[in-house]
Amino acid sequence: LDQTISDHKDKFLTTKEKFHGFIDSEWRGSKGEKASGQDTKEVGGEEPEAKKLKLDTEEKSTQGKPDGKRLRGQNKSRPHTKPTTYDEKRLCLSVIQDNRECPFGDKCHFEHDVAQYMACKPADIGQSCYLYDTFGKCTYGLSCRFAKAHTTSDFKTMENTDLVKTHDRNPVKNSLSKDLQNRLRKRSVAFKKSEEYLKTLSNNRNKTAQQGNAEVSAAPAGGEQLKCTEAETQAILDKQPPVKTVGPLTDVDIIKLRFCEKKQVDFKDKLYLAPLTTCGNLPFRRVCKRFGVDITCGEMAMCTNLLQGQQSEWALLKRHESEDLFGVQVEGCFPDTMTRCAELINNNTDVDFVDINSGCPIELVYKKGGGCGLMTRTRKFEQIVKGMNYVLDVPLTVKIRTGVQEKSNVAHKLIPEMKNWGVSMITLHGRSREQRYTKLADWDYISSCSKLANPVPLFGNGDILSYEDAMKARETGVSGLMIARGALIKPWIFTEIKESRHWDISSSERLDILKDFTNFGLEHWGCDTRGVEKTRTFMLEWLSFMCRYIPVGLLERVPQKINERPPYYMGRNYLETLMASQNVGDWVRISEMLLGPVPKNFIFLPKHKANSYK
């Protein structure tokens, strides 16, 4: 790939030793003695090895772990640091909230002495607090890492009343209320519509059992679909439970919406940011909205965890007011839990569509029959789709892969079935589960599937990193484009596609993007030590992708391809060179520019195979 970098710009090409030597010397020069005392310590010290090609069956037997298992690229046993680890002493919430009396009294484990807390609190990161400047009030008070901006000499928190009045509403929706969480934990939430649908499944199962097992054993692999008769379905739709109403009675109270009368979403020719686990968080989606993405979707949420009222899982459903076309993605493998989860989301959140994850390749999910496993369990898949459609008032979409095995595509068989099941949109990732990212996405196959899906919209997904890639993808006849890794590497890709141009973005502009993410992160996760370190962790996960971007001005051949890895090169300035580093210690340095020095006990290990930071 040496030809990736322009021949007439050989001055940018360098060696590994010179590259890291330049970064280290410049960093020490800019930070002085202070920086040299905070030198990074890496485990392994060197860059991760180049990705190995997939081995043939004969080669596999001679390589890998002693127990015969193949080596994988993910860090499955990476340490999970608790967010409270970085706080030596935390201030009691009663002190932060206007010095009210602590309900726990002497039994409280947190600090109540303000002067003592301020004496041992880590130094402030900056002179201005984003929350105070934006909303007129910082809810973290003295525990804020920018507290000097809104704290008086006698440790009182200031407020800007004019700004507070203009921001009297919460811009984030879909939070889990304590009341709903308690009812979910006590299993006292009623799922009336779900029970109606599941009852029909049970009735059909009993009828099938009465007819004998002979017909069932003669069914083809994949199973005949259990279908309720039209009369039974219509009877359920017509049957209305007694509704207690307050105020005028409307049609919605007494008439069940037909499928064609549900809320409709125009998916045609839209740019769709893929639901990205870990990296596709709310602050990152806000960054992408600024660059012109049309559709956003929350990270994959497990339906069982949502039904149990887990706060961490419900956080994945949160929606910012800037996300004008927003959906949530759920994963599950059984009709009962998925149908109840859909009804729960329908009644308690504000979303424009619900997506079923039937493409997740993770072993833990697949073994249970979820994710990609649903593509091989068509009977259960149909029951899940029909059940969720029955309880939802918004469109239901599905995300799938080409298949499970590398050379055995099944999406073209599933898509005609899904049209009959009632899905509103299908997204097809042009790789199988076995492939992961070892080969390019099969856009010829996506093209043939888009013809089969018509008139249901089909979005294509895979390997889009420039507007030229997007133009070629649109020629396949897909209704729209979903972008995943391309958005992580360069979130301005949505602007490039809409304006049909290559953007030679400067390093300072990229740092401004990271500043926006920092501010959105502090707003979302908090600006105390806990929130700062959570923001840093998610930023580092994102930087593990962003470092793959090669500036347009250095390319001999435009555009950059997503599967290409360049040789070591120097940027046009120090910051551009630093952002090109694939060393995790350099990512930490970038985070320190925005979030201050890392704590003494800070540990970070990226999700994919790379060196760690301790």
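These numbers come from a predicted model, not from an experiment.
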Pairs of donor and acceptor atoms involving the side chains of residues 472-482, under 3.5 Å and at least two apart or interchain, shall be tabulated with distances.
residue, atom, partner, partner atom, Å
T476, OG1, A473, O, 2.4
S479, OG, L458, N, 3.3

Would you mind writing out the side-chain donor-acceptor pairs for residues 292-303 within the sub-3.5 Å range, not counting sequence neighbours?
residue, atom, partner, partner atom, Å
D294, OD1, K498, NZ, 2.8
D294, OD2, L271, N, 2.9
T296, OG1, E323, OE1, 2.8
E299, OE1, T278, N, 2.7

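Partners of T427 under the side chain to side chain donor-acceptor pair (under 3.5 Å) rule, at least two apart in sequence or in another chain, do not exist in this structure. F267 is linked by a ring-ring contact (aromatic ring centres under 6.0 Å, His included) to F353, counting only residues two or more places apart in sequence or in another chain. Residues satisfying the ring-ring contact (aromatic ring centres under 6.0 Å, His included) test with W314, not counting sequence neighbours, are none. Scanning for ring-ring contact (aromatic ring centres under 6.0 Å, His included) contacts around F284 gives W542, with sequence neighbours left out. The side chain to side chain contact (heavy atoms under 4.5 Å, CB included) search around K413 returns none, not counting sequence neighbours. Applying the side chain to side chain contact (heavy atoms under 4.5 Å, CB included) criterion to Y366, with sequence neighbours excluded, gives C372, V404, R433. Looking at residues two or more places apart in sequence or on another chain, you find a side chain to side chain contact (heavy atoms under 4.5 Å, CB included) between D512 and K515. Residues forming a side chain to side chain donor-acceptor pair (under 3.5 Å) with Q311 (at least two apart in sequence, or on another chain): none. Scanning for ring-ring contact (aromatic ring centres under 6.0 Å, His included) contacts around Y549 gives W492, with sequence neighbours left out.
Residue K490 forms a side chain to side chain contact (heavy atoms under 4.5 Å, CB included) with just one option from M546, R548, E496, and that option is E496.
Counting heavy atoms from C-beta on, the side chains of S358 and F381 come closer than 4.5 Å. Residues F191 and L344 are in side-chain contact: their nearest non-hydrogen atoms beyond the backbone lie under 4.5 Å apart. Within the 4.5 Å cutoff, side-chain heavy atoms of L543 are placed close to those of L514. Considering only heavy atoms from C-beta on, K534 stays 4.5 Å or farther from H524 through its side chain.
A cation-pi arrangement is absent between R340 and F334, since the terminal nitrogen or guanidinium carbon is not both under 6.0 Å from the aromatic centre and inside a 45° cone about the axis.
Note that CG of N389 is 12.5 Å distant from CD1 of I384, once rounded to the nearest 0.5 Å. Note that CZ of R431 and CG of N409 are 13.0 Å apart. Values are rounded to the nearest 0.5 Å. With rounding to the nearest 0.5 angstrom, the OG atom of S508 is 10.0 Å from the CD1 atom of I513. Atom SG of C333 is separated from atom NZ of K380 by 9.5 Å, given to the nearest 0.5 angstrom.
Between D516 and R286 there is no salt bridge, since no side-chain N of the basic residue sits under 4.0 Å from a carboxylate O of the acidic one. D469 has a carboxylate O that lies under 4.0 Å from a charged side-chain N of K561, or vice versa, which qualifies the two as a salt bridge.
Screening residues 451-461 for side-chain hydrogen bond (donor to acceptor under 3.5 Å, both in side chains), with sequence neighbours left out, gives S447-K451.
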